[in-house]
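The structure appears below as structure tokens.
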Amino acid sequence: MKTFDQLCVVGLNEWIDLPALGMIGLRAKIDTGASTSCLHASDIQPFQRDGKDWVRFSAHFGTLVQRRHPCEAQVVAVKTIKSSNGQTQSRYVILTTLALGDRVWPVNFTLACRKSMQYRVLLGAKALVAGQLVVNPALKYVQEKPLSYSSSLSTGTP
């Protein structure tokens, strides 16, 4: 059996930040069966800014108390996604910064209603590959909550 010492291990669930969207302390489910990551969003409204496609939406986080967070992001694509229940739908794809543990990197997220799901964020296989992460599904919350952005956002310093 081969082992790799330099790989970063994550569990089935991890704490993440999406600092470019101003979202700190999100619980994410790691889903190697999903290619693209997904963020729970509602009230999705496309608009144009400087000749480019953008979306305005409400992101949601929290499980016991639902919190809405207004966001805007440039659209990088519109993808047809086949959900776990077999239905297909078109979704906007945005690119935003993801912080997990001590790592920070850009990740594509589709925007979809996940109100019936326990986790508001799914991290898919492409995000895991880009972050050079391996998953141990027997573990949860292996990495510390991201600190790289949360302290600077709360104090307003870069």
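- Hydrophobic clustering places Leu128 together with Leu39 (ILVMFWY residues linked when any side-chain heavy atoms are closer than 4.5 Å, directly or through intermediates).
- Not a single donor-acceptor pair under 3.5 Å links the side chain of Thr110 to the backbone N or O of Tyr92.
- Formation of a donor-acceptor pair under 3.5 Å by the Trp105 side chain with backbone atoms of Ala127 is found in this model.
- For Arg103 (side chain) and Gly131 (main-chain N/O), a donor-acceptor pair under 3.5 Å exists by modelled atom type.
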Review point. Is there a side-chain contact (heavy atoms from CB on, under 4.5 Å) between Leu18 and Phe109 once you walk through the steps?
Key: CA-CA 11 Å; Leu18 300 176; Phe109 283 88; 3.8 Å; yes

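- The distance from atom OG of Ser58 to atom CG of Leu111, rounded to the nearest 0.5 Å, is 11.0 Å.
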Exercise for review: Starting from the C-alpha separation in whole Å, work towards a yes-or-no answer on side-chain hydrogen bond (donor to acceptor under 3.5 Å, both in side chains) for Gln74 and Asp53.
Suggested key: CA-CA 6 Å; Gln74 187 173 347; Asp53 293 330; over 6 Å; no

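- Smallest separation of non-hydrogen atoms from Pro137 and Leu12: O-CB, 3.9 Å.
- Listed for the Gln143 side chain is a donor-acceptor partner under 3.5 Å among the backbone atoms of Val9.
- Rounding to the nearest 0.5 angstrom, the gap separating the NZ atom in Lys79 from the CG atom in Asn108 is 7.5 Å.
- Looking only at side-chain heavy atoms (C-beta outward), Asp31 and Tyr119 stay at 4.5 Å or farther from each other.
- For the residue pair Arg120 and His60, the shortest heavy atom distance occurs at CB-O, 3.5 Å.
- Considering CD1 of Ile16 and CZ of Arg27, their distance stands at 11.5 Å, rounded to 0.5 Å.
- Both Ile94 and Ile44 belong to a single network of hydrophobic side chains, linked directly or stepwise wherever heavy atoms of I, L, V, M, F, W or Y lie under 4.5 Å apart.
- The CD atom of Glu14 sits 12.0 Å away from the NZ atom of Lys145 when rounded to the nearest 0.5 Å.
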Practice item. Evaluate side-chain contact (heavy atoms from CB on, under 4.5 Å) for Arg91 paired with Gln89, printing each intermediate quantity in order. Key: CA-CA 6 Å; Arg91 294 183 188 172; Gln89 65 178 192; 2.7 Å; yes

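- Remark: the backbone N or O of Gly25 is paired with a side-chain donor or acceptor of Asp17 at under 3.5 angstrom.
- The hydrophobic clustering, which links ILVMFWY residues whose side-chain heavy atoms are closer than 4.5 Å, places Val107 and Leu122 apart.
- Rounding to the nearest 0.5 Å places CG of Leu21 at 3.5 Å from OG1 of Thr96.
- For CD of Gln132, the number of neighbouring non-hydrogen atoms (other residues, nucleotides, ligands) closer than 6.0 Å is 12 at most.
- For the pair Leu133 and Ile30, the minimum side-chain heavy-atom distance is 4.5 Å or more.
- Of all non-hydrogen atoms in Ala99 and Pro19, the two that sit nearest each other are N-CD, 4.4 Å.
- Using a 4.5 Å cut-off between side-chain heavy atoms of Ile, Leu, Val, Met, Phe, Trp and Tyr, with links allowed through other members, Val135 and Leu139 fall into different hydrophobic clusters.
- Side chains of Ser90 and Thr80 form a contact here, defined as non-hydrogen atoms less than 4.5 Å apart.
- Separation of atoms OG (Ser37) and NZ (Lys29) is listed at 13.5 Å; rounding is to 0.5 Å.
- Using a 4.5 Å cut-off on side-chain heavy atoms (C-beta onward), Val10 and Leu123 make no contact.
- A pairwise comparison of heavy atoms in Val55 and Phe47 identifies C-CE2, 3.6 Å as the closest pair.
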